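First comes the structure, then the notes that go with it.
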Amino acid sequence: MRVSQFFLSTLKEAPSEAELPSHQLMMRAGYIKKLASGLYTWMPLGLRVLRKVENIVREEMNRSGGIELLMPAVQPAELWRETGRWEVFGPQMLKIKDRHDNEFCFGPTHEEVITDIARRDIRSYRQLPINFYQIQTKFRDEVRPRFGVMRAREFMMKDAYSFHADFASLEQTYRVMYDTYSRIFTRLGLQFRAVAADTGAIGGSGSHEFHVLADAGEDALAYCPDSDYAANVELAEALAPIAAREAASETMKNVDTPKQTTCEQVAELLDIPLQRTVKLLALIAEGKLNLMLLRGDHSLNEVKVSKLPGLADFRFASDEEIRAYFNCPPGFLGPIGIDRSKVRLIADRTVAAMSDFVVGANLPKFHTTGVNWARDLPEPDLVADIRNAVAGDPSPDGKGTLEICRGIEVGHIFQLRTKYAEALKATYLDAEGKTQIIEMGCYGIGVSRIVAAAIEQNYDKRGITLPAAMAPFQLVIVPIGMGKSEAVRAAVEQLYADCQAAGIEVLLDDRDERPGVMFADMELIGLPHRIVVGDRGLKEGNVEYQGRRDEAAQVVALQNVLELVKSKV
RNA sequence: CGGGGCGUAGCGCAGCCUGGUAGCGCACUUCGCUGGGGGUGAAGUGGUCGGAGGUUCGAAUCCUCUCGCCCCGACCA
């Protein structure tokens, strides 16, 4: 491709709305253009990258026995009412009406449609297992779209759905998909991690997320460097870091904390580590008050809390409710001397193992120090894992301590079991001629998000440094003074033709711009290899080669450069 | 949904407080010089100042409403 016949639109300054490096660079490099909030055009250059990702995903899916099809983006409401998700999915689903006033949605996902296909066309166990997939535009009306195509409303997704006669078959395909996803992200050249995930509302027995590792990631991941344990912190089990409760050594006393309402402030005033304080959170569930006790430096995990008995539909108590129950403002709440017949005390495992701790006195402007379980207050009504795991916690597999890193979720695989098949009555006849419910799995990859995530992981001060597998072109030829030097022109034209003949995706910057302009543009858009041809080197029969991530260029004989590039791409 | 901020040329911004008929940098067009890291000179193109209504002799500027965009938060005491 010649730049003069392509469409480049680079910017020196990023639009002010872009915050993340990947978003800024995608805008500056002219990969994408925004149409409206969460809606982006993939410009020619960006589309080439998107297609690279798409093709790798397709190749690997096909290699693993996936069968591609394409379902409609617009789906009838009727189908969603059958599974009850028309209401459940909520405002994230874009609902539309046709001219006859019939209701539809722009598909946020395709379990209903694919299961409808399965119930119509799958009749026998002989047709199972089967794994359908598609690569298609989805629409989810996000509360807050942000970071460009990272969290857009309209996005490209690969979604696969497998159907099985029994759970063992589902588990087998699930493992195949796990391996397929690992191969896809490896081929793309990304640093990633597969983590155990919460199955959430979708249900089912198994689920893994695939994350591209990046500081800007919206998810926190807990992993053990000494083993293969890895989980989303939402799910990671938090063990008590303290082996056993130590004996009480301090006497309990109230201290003045006139303005100190947070653990941080109290710890600072008393000049003690935050790890010796305990904070209380008042939750209301089933009309009852629950006090959650967490160490001062820990944070509540709402997913874990909602799984405790009687707390499925909890909410945080309001200030007014707290005052009514405790006759004390929030910030000074304490567990001592409260009516335990009305309030349930739920302690995190860590808190249950603490001694001589500091907690609110349940008295305005006072905290209590030297508090000990049993001696000063009855043991908790329930000891449970209610916090987010933190770095330094013991790994749940007992093989070391946890580290925390951040990731961008780019893939998610689920064992759906029979949830949708039951609702939509998707059945088959087994070998005995008996009707059975079909087992299902589903497997998603955020194709467009991968592009943003990859750039988030691969950029420098000059621009994008995408892995070769995703780069829009493999090689750029930059001629210096092409318009003036016939020797340069002849050399680059020959080289360009030779590269094309060799099957290299080559871009020729034939704009006859000043060198700095061309270098800057080509570095910005992220091409892995560059050959510079100028009169200066050509006199000696030389050109320059430089990899996008190389410190400096190397001089190469013109006659050898094609071989060099062939060995690199 | 709550809070904050911003809408002026393709992009980045100034002007608004204190009303007087719109400006800067980049980009773009033409010509010249230049020619290995976003060079330079000259001459240009491009904006109903997000929209509607109001106040005023006069509104980008003041008032009201509205639309859009961005950020933070969504109960962690």
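All figures in this text were calculated on a predicted structure; none of them were measured in a lab. Here is the naming used below: chain letters follow the sequence lines, and residue numbers restart at 1 for every chain. FYI, side chains are in, hydrogens and waters are out, and symmetry mates aren't considered; it's all heavy atoms of this structure.
Side-chain N/O atoms of A:R530 and base N/O atoms of B:rG37 include a donor-acceptor pair closer than 3.5 Å. Side chain A:E544 to base B:rG36: a donor-acceptor pair is found below 3.5 Å. No hydrogens or angles were tested; on distance alone, nothing pairs the side chain of A:D535 with the base of B:rG36 as donor and acceptor under 3.5 Å. Residue-to-nucleotide contacts include a donor-acceptor pair under 3.5 Å from the side chain of A:E302 to the base of B:rC76. In this model, no side-chain donor or acceptor of A:R514 finds a partner on the base of B:rG35 within 3.5 Å.
Cation-pi contact between A:R530 and A:F519: present, with separation from the ring centre below 6.0 Å and deviation from the ring axis of at most 45°.
Within 4.0 Å of A:V532, counting heavy atoms only, lies at least one base atom of the nucleic acid. Among the atoms of the strands shown, base atoms are found under 4.0 Å from some heavy atom of A:G534. Heavy atoms of A:L281 sit under 4.0 angstrom from at least one base atom. Using a 4.0 Å heavy-atom criterion, one finds that A:I322 contacts the bases of the nucleic acid, with or without backbone contacts as well. No contact: A:R323 has no heavy atom under 4.0 Å from any strand.
In this structure B:rG35 sits in no base pair that meets the Watson-Crick or G-U test at under 3.5 Å. Base pairing analysis places B:rC17 opposite nothing; no Watson-Crick or G-U wobble pair with both distances below 3.5 Å involves it. As the counterpart of B:rC1, B:rG73 is assigned, both hydrogen-bonding distances of the Watson-Crick or G-U wobble pattern falling under 3.5 Å. In this structure, B:rU29 forms a base pair with B:rA43, meeting either the Watson-Crick or the G-U wobble geometry with both donor-acceptor distances under 3.5 Å. Across all strands shown, B:rG68 is found opposite B:rC6 as a Watson-Crick or G-U wobble partner, with both distances under 3.5 Å. The partner of B:rG53 is B:rC63, by the rule that a Watson-Crick or G-U pair needs both atom distances under 3.5 Å.
Note: A:W80 and A:F89 have perpendicular aromatic rings, judged against thresholds of 30 and 60 degrees for the angle between ring planes.
Using a 3.5 Å distance cut-off with no hydrogens or angles, the side chains of A:Q92 and A:R140 do not pair a donor with an acceptor.
Distance noted for atom P between B:rU66 and B:rC71: 23 Å (whole Å).
The distance from atom CG of A:D297 to atom SG of A:C263, rounded to the nearest 0.5 Å, is 9.0 Å.
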